[in-house]
Number of protein chains: 4
Amino acid sequence: MEVYSEKQLGILFVAERLFADKGFHGTSVRDIAQEADVNIAMISYYFGSKEKLLEAVFRYRMNASRSFIQELVQNDTMGPMEKLYALIDRFVNKLLNEQNFQCIMNREQMNRDQSPVKDLIWDLKVEMMGLIQPIVTKAQEDGTFYKDVDVVLLMSTLFGTIHQVMPAKSFIRSEPEFAHMPEDEFREYLKIRVSAYLKKLFKAILTHEF
Amino acid sequence: MEVYSEKQLGILFVAERLFADKGFHGTSVRDIAQEADVNIAMISYYFGSKEKLLEAVFRYRMNASRSFIQELVQNDTMGPMEKLYALIDRFVNKLLNEQNFQCIMNREQMNRDQSPVKDLIWDLKVEMMGLIQPIVTKAQEDGTFYKDVDVVLLMSTLFGTIHQVMPAKSFIRSEPEFAHMPEDEFREYLKIRVSAYLKKLFKAILTHEF
Amino acid sequence: MEVYSEKQLGILFVAERLFADKGFHGTSVRDIAQEADVNIAMISYYFGSKEKLLEAVFRYRMNASRSFIQELVQNDTMGPMEKLYALIDRFVNKLLNEQNFQCIMNREQMNRDQSPVKDLIWDLKVEMMGLIQPIVTKAQEDGTFYKDVDVVLLMSTLFGTIHQVMPAKSFIRSEPEFAHMPEDEFREYLKIRVSAYLKKLFKAILTHEF
Amino acid sequence: MEVYSEKQLGILFVAERLFADKGFHGTSVRDIAQEADVNIAMISYYFGSKEKLLEAVFRYRMNASRSFIQELVQNDTMGPMEKLYALIDRFVNKLLNEQNFQCIMNREQMNRDQSPVKDLIWDLKVEMMGLIQPIVTKAQEDGTFYKDVDVVLLMSTLFGTIHQVMPAKSFIRSEPEFAHMPEDEFREYLKIRVSAYLKKLFKAILTHEF
DNA sequence: GATGAATGAGGATTCATTCAT
DNA sequence: GATGAATGAATCCTCATTCAT
């Protein structure tokens, strides 16, 4: 659990944004150094290499991701649907707040060749499935959820829909009613809309209620 | 509607695969030329530039995409749910058959700066929404579908889930039952599984039936 | 004394213009082929190579240059000053009519390394000096011209001034009185002006009369 | 007024020589880097690009050119003919000392399409004419110089003759009396000869005296 | 710890030319 | 005779990284 100086964090955030905007290979260390207003050599100096910098971005964001589900899962006062609702809320909130990072992860998970970053992504996925699956399975066993539900694909729907929201954002924004809404407000509006939509979807498919 | 020679098509397909595997900027024209077994200069000679080559890949795949919905939409013997089922089947089939291209499109749609390719993607999206929305809207008006359904997000679910299937593929494959299944067979299995899952999802959310 | 087909002449003229505009190395055979509206391969096919094409341009223009002094020199009815006047007229006329070629020759004569083209230029210079010098020398011997005149430098003045007129053209044209004069007319005006100026110069330096 | 390091100056001078010898397009950055004994990347690193390097050569030489006339012009103790004599001396000296640069300038001024370098040349020309013309005009008004003299063409003669001397150099050198003269000595001899010739020319045309 | 200079490998593209037809 | 396709060398430039200070 590395601790970064302010300067290092500056590089990290700039890198995250540029990697999101133009892709890893589309971004040069020069670009990053310039926008972060540091010497080019600093990037290799601080992070070892461009690739290690990407890895650092991942570790930085993932450490936050990791904990936030675990605490949820261990809470035993909530019913399974409540837990899923909370999960959806958190995911929607997190992914829309971390659009740049999600964008990078989205891209990197598609790369064919193995890499430290892909390993990190894989680990996170396994971990997440390991936490969520029991919630559903347990609820299926005690009859709260229907049995014939494809949990793996349901997760794909969860992530896929949220990820798709980002490219679809400009599409939704083109509707006249959002023309003059400020970006922040629009993002909050989106969070609510997406969250409500996903909850409905999950409830329908898992409980046949509406 | 350009017509390509066999050699040009060879370049096109190799480029598609490499762009999918390593991203546009992660792929060099040298890589493409080498794998396609042509002289480096041929790529500029045939397509003008690396970027134009990407564009050519897009136009090539998109021309096919374009027509296949239109004919579906104009068929008036099917009910709206039938139409959506057919749509899901086609999309699942198409996207899983064109994984490489979908992978590229997935990446490119995330780029911040405008480009001819992004314009093509945007146009396709607008066009698709323009064709699908009427089906749902009409069914909502005559009471076949429920009214309070977020069609835009439903499309995000459709595309997002299918796109997410690709990264999730290796996840699903890691289950012991698929360990020795040949790739082709596994893909067909996936098509069926994803298709069935999505149909169920759509039916649940649009009609509350199961 | 090669004879060229119409197509070959077309290439020759286009090449002359482009070599003048952008230099030999700054002009690609593609440019020439495109502007001359012929297949790229034709240039090598007709002329052997790009360099041979330049040579062809030189030979073509120089053959014309060669004869026009000789006939003048052999005319014995004119006095020496008359001969020089006629020479000036012809040179001014020729150089301003063949601006493109003169431009190329100007450039090529400055190249350090030897080349067939430089040899051609050298030969022409030697030849011209061989023809002009006797006129002056003879007139100096019979007292018509002053003796202490640097004939070599006088020739440099003749060529140098005319060559310099081309770059200076746009300078002169920027004067308001020529703003709306058509190019052809302006060129004729220039010829007269330059010719008169040079004659005056020669007369002054050679005879001290005005 | 950029200040260059020794290494940068090395590149500058090598570039100047090679551009003079083989033209801008005929010289590759590889050639320059090799002769200047620096890494190829240094040229872009220091000057931005090949074109910017040419521009740097121009700015470097022109800054020197600029000042040396102004101080002359403002000197009020000299008569107009003295001023012109001093001007001729300086020009001959300068141009023959900076043969490489003059060669480049000669070539570049002939290019058809506009470029930063052509702008620099144009500015210099305008500036020079602006300084020289008043000397002549003033002398014409007070009757020292004859009125019907074409000042613009006289400048063309000045520059043209000097420029023409360079190509003519090898021509003059071929005379037997200079066969064994060392290069430096020959250049000094030339300066004197050209300078004397031009002064005589100017005096003759402007004052009709000898 | 921090940096400007320097490097060599590799980027995409264009070049003049040749080949098969 | 004439041509479109094809080629490999060379173009300028940028890359991520390292070095000396």
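All values derive from a computational prediction rather than experimental measurement.
Here the C1' atom of nucleotide E:dT7 and the CD1 atom of D:Ile11 are 13 Å apart, to the nearest Å. One can place OH of B:Tyr4 at 17 Å from C1' of F:dA5, the figure rounded to the nearest angstrom. Nucleotide F:dA10 holds its C1' atom 14 Å from the CD atom of D:Gln34, rounded to whole Å. The distance from atom CZ of C:Phe47 to atom P of F:dA2 is 12 Å, rounded to the nearest whole Å. Taking atom CE of residue A:Met42 and atom P of nucleotide F:dA16, one finds them 17 Å apart after rounding to whole Å. Note: CG (A:Leu18) to P (F:dA16) measures 12 Å, nearest angstrom. The interatomic distance linking D:Gln8 (CD) with E:dG4 (P) rounds to 15 Å, in whole Å.
In terms of the side-chain hydrogen bond (donor to acceptor under 3.5 Å, both in side chains) criterion, residue partners of C:Gln102 (sequence neighbours excluded) are, by chain and number, C:His163.
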Could you walk me through whether A:Leu53 and A:Ile32 pass side-chain contact (heavy atoms from CB on, under 4.5 Å), step by step? CA-CA 11 Å; A:Leu53 170 58; A:Ile32 299 170; 4.0 Å; yes
With side-chain contact (heavy atoms from CB on, under 4.5 Å) as the criterion, how do A:Met62 and A:Ile121 come out once you've worked through the C-alpha distance, each side chain's angles and the decisive distance to 0.1 Å? CA-CA 9 Å; A:Met62 281 185 157; A:Ile121 297 176; 4.1 Å; yes
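Using bins of under 30°, 30° to 60° and over 60° for the plane-to-plane angle, the ring pair A:Tyr60/A:Tyr4 lands in the tilted bin.
Looking at DNA chain F, the stems built from 3 or more consecutive Watson-Crick or G-U wobble pairs, each pair with its key distances under 3.5 Å, are E:2-21 with F:2-21.
Using a 4.5 Å heavy-atom threshold, the side chains of C:Phe47 and C:Glu55 count as separate.
Crowding of C:Asp113 atom CG: a count of heavy atoms from other residues, nucleotides or ligands under 6.0 Å exceeding 12.
In this model, no donor atom of one side chain and acceptor atom of the other lie less than 3.5 Å apart for A:Gln34 and A:Asp31. Side-chain polar atoms of A:Arg61 and A:Asn100 form no donor-acceptor pair below 3.5 angstrom.
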Using a 4.0 Å heavy-atom cut-off to protein, can you give one letter per nucleotide of nucleotides 12-21 of chain E, 5' to 3': B if the base is in contact, S if only the sugar-phosphate is, - if neither? BBBBBBB---
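Taking the six-membered ring for Trp and the full ring otherwise, B:Phe19 and B:Phe58 have centroids separated by 6.0 Å or more.
Residue A:Tyr46 is classed as a sugar-phosphate contact, given heavy-atom separations below 4.0 Å to backbone atoms only.
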